[in-house]
Amino acid sequence: AVSFKGILRDFKGNDYSLVAGQGSVKVQTEEGNEVAAGIPVTASAELGTFEGSFVLPKDNDPYLGTYHIILDFAGKTYSTEFAVEAYKKPSYLVKVSSKKKTYIGSEKIEMAVSARYYYGSPVANESVRYKVFRKKKFDYSPVGSLPFFADAAEYLGVVNAGTNDLVASGEGRLDGRGGFDFSIVPESVDTDYVYTITAEVTTADSTISGSDSVSVNRSSFFIRTLKD
């Protein structure tokens, strides 16, 4: 099943206004073959939104490519598109793992990448590339609990709290057992971080990735005070 939704607005002068009413949707392929028609939709008076769904034909040889969703509303048509592709099961699995989940300060982080075909054999002697990102994390707050609102970062005096910064990258080659080990040493651990490590293994047929995350903290403990 394919679900869709949309928003209708009427533009007059320099302003938009809500639009409500009945419409219909049809779906066709890039070649113009209709696969669904007359799907009723209603734009609500409160929000000017509509939604609906349809089921693609269950053929033995389904159409692969671009489909168009066309809305007919108040004598005008509007459209968007989506694509359908054949499912391809990955031929191998890539796992990224660390020896432990929590590290302190500039303690070395040792990582292992392994790749195996789903039938059991290792993906041997293929290239691997890795990247390491870090993001600030907060298990504390000056008022006792972290305020989860839009300007929480500003409230805490935190700049770019939501960004993932690339801090390391490299490449190598899997060994005969489908493994690759590497390590990184965190720098400038001035607050607590989440480090995310991703690895891509590339063969002649495909590129498949895996990932893992660890915590890098300033110390082995922190103190939280709560107000009664």
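Predicted, not measured: the structure shown is a model, and the values here were computed from it.
- Annotation: Arg9, atom CZ; neighbour count of heavy atoms from other residues, nucleotides and ligands within 6.0 Å is above 12.
- Between Val35 and Pro57, the closest side-chain pair of non-hydrogen atoms falls below 4.5 Å.
- The minimum heavy-atom distance between Val94 and Ala115, with the atom names listed, is CG2-CB, 4.2 Å.
- Taking the centre and axis of the six-membered ring of Tyr78, the NZ or CZ atom of Lys76 falls outside the cone set by 45° and 6.0 Å.
- A chain of hydrophobic side-chain contacts below 4.5 Å, direct or via other Ile, Leu, Val, Met, Phe, Trp or Tyr residues, connects Phe73 to Val25.
- By the neighbour-count criterion of 12 heavy atoms within 6.0 Å, atom NZ of Lys5 is sparsely surrounded, having that number or fewer from other residues, nucleotides or ligands.
- Salt bridge Arg218/Asp190: absent, no basic N to carboxylate O contact under 4.0 Å.
- Side-chain heavy atoms closer than 4.5 Å link hydrophobic residues (I, L, V, M, F, W, Y) into clusters, and following such links, even through other members, never connects Val185 to Met111.
- To the nearest 0.5 angstrom, Ser24 atom OG is 4.5 Å from Asp72 atom CG.
- Listed by first and then second residue, the ring pair (Phe, Tyr, Trp, His ring centres under 6.0 Å) pairs involving residues 42-66 are Tyr63-Tyr67 (not counting sequence neighbours).
- Cluster membership check: Leu8 does not share its hydrophobic cluster with Leu18, using side-chain heavy-atom separations under 4.5 Å among Ile, Leu, Val, Met, Phe, Trp and Tyr.
- Within a 6.0 Å radius of CD in Glu31, other residues, nucleotides and ligands contribute more than 12 heavy atoms.
- Using a 4.0 Å cut-off between charged nitrogen and carboxylate oxygen, Asp212 and Lys95 do not count as a salt-bridge pair.
- Note on ring orientation: taking the six-membered ring where Trp is involved, the planes of Tyr130 and Phe180 are tilted (angle from 30° to 60°).
- Side chains of Tyr103 and Pro186 form no contact here, defined as non-hydrogen atoms less than 4.5 Å apart.
- Cation-pi geometry between Arg134 and Tyr193 is satisfied (NZ or CZ under 6.0 Å from the ring centre, within 45° of the ring normal).
- In terms of modelled atom types and a separation under 3.5 Å, the side chain of Asp165 and the main chain of Val167 share no donor-acceptor contact.
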